[in-house]
Participant: 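The structure under discussion is supplied below as structure tokens; questions concerning it will follow.
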Amino acid sequence: MIEVRPFAGLGGADHGWLNAKHHFSFADYYDPARMNWGNLRVWNDDTIAPKTGFPPHPHRDMEIITYVREGAITHQDNLGNKGRTEAGDVQVMSAGTGITHSEYNLEDVTTKIFQIWIVPTAKGDKPSWGARPFPKGERAGQFVTLASGFAEDADALTIRTDARIVAATLKAGETAEYPLGADRRGYLVPATGAVEIEGQRVGTRDGAAIDQTGTLRVTAIEDSEIILVDVA
């Protein structure tokens, strides 16, 4: 089953330097029907003006994955980590017992990100941060795992939860399959382009909440870059 959630209907707020859209209840946007999807708690679609960003602020007990769609984001935290993550690449922060970090767009161009929060399977772990590039050529025509809580995904960034984040770039007419499993939930968003799932169109930045689906088949209507979260 699939429920398409059009981008135009998402909650959010325009703060001037930040234009934020929320697939789930977040900050001042509250919808009791959209509190989470399994252990997926947040999917924010953020557009950040040049030379602005989020000043230092704390997190705890959350797995926070940032996928950069355009531009770049620079992270710095109280553990001494600092890194710049460019478009198409991913960073992961396991907040654990507590971490304070900042995220700035230090570029001369607008930065656009998806920020995804997933509830961890256990509390009390030490906080950590990591990032890595994922060349788009490697995911051409197929799903590639970006971050995972499963030991078999050795090449992916590690998250401390029963979940997997995958991505694919598809040319118009191409189809990619993902073995979701009927007992799992998926949430898919095209960063660009448009795709068809079970006869329904999912456009750029729309959300698709998917469940009761053994093998997920995604067909590109136009050239597309898609992100999928597989959660319990």
Participant: Salt-bridge test for R160 and D61: reply yes if a basic N is under 4.0 Å from a carboxylate O, no otherwise.
Facilitator: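 Looking at R160 and D61, the cut-off is not met.
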Participant: Is it the case that more than 12 heavy atoms not belonging to D155 sit under 6.0 Å from its CG atom?
Facilitator: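 Atom CG in D155 is not packed in, count stays at 12 or less.
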Participant: Between D45 and K21, does at least one N-O distance fall below 4.0 Å, as a salt bridge requires?
Facilitator: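 K21 and D45: not salt-bridged.
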Participant: If you take all heavy atoms of A208 and V202, which pair is closest and at what distance?
Facilitator: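 In this case the closest contact between A208 and V202 is CB-CG2, 4.0 Å.
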Participant: Out of W117, W43, F114, which one pairs with Y187 under the ring pair (Phe, Tyr, Trp, His ring centres under 6.0 Å) rule?
Facilitator: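 That would be W43; it is the only one of W117, W43, F114 passing the ring pair (Phe, Tyr, Trp, His ring centres under 6.0 Å) with Y187.
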Participant: State, yes or no, whether a side-chain contact exists between R164 and Y178 at a heavy-atom distance under 4.5 Å.
Facilitator: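 Sidechains of Y178 and R164: in contact.
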Participant: Does CG belonging to D28 count more than 12 external heavy atoms closer than 6.0 Å?
Facilitator: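 Open.
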Participant: I want to check something: taking the side chain as every heavy atom from C-beta on, are V218 and I226 in contact at a cut-off of under 4.5 Å?
Facilitator: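 Sidechains of I226 and V218: in contact.
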Participant: Just by modelled atom types, is the A194 backbone N or O under 3.5 Å from a matching donor or acceptor in the S224 side chain?
Facilitator: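 The answer is yes, because a donor-acceptor pair under 3.5 Å joins these two groups.
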Participant: Verify side-chain contact (heavy atoms from CB on, under 4.5 Å) between E70 and E107, making sure each step is shown before the conclusion.
Facilitator: CA-CA 11 Å; E70 295 181 22; E107 315 303 312; over 6 Å; no
Participant: Identify the heavy atoms of P56 and S102 that sit nearest to each other, and give their distance.
Facilitator: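 Shortest heavy-atom separation between P56 and S102 comes out as N-CB, 3.8 Å.
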Participant: Are I65 and Y67 grouped together when hydrophobic residues (ILVMFWY) are joined by side-chain heavy atoms under 4.5 angstrom apart?
Facilitator: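 Same cluster: I65 reaches Y67 through Ile, Leu, Val, Met, Phe, Trp or Tyr contacts under 4.5 Å.
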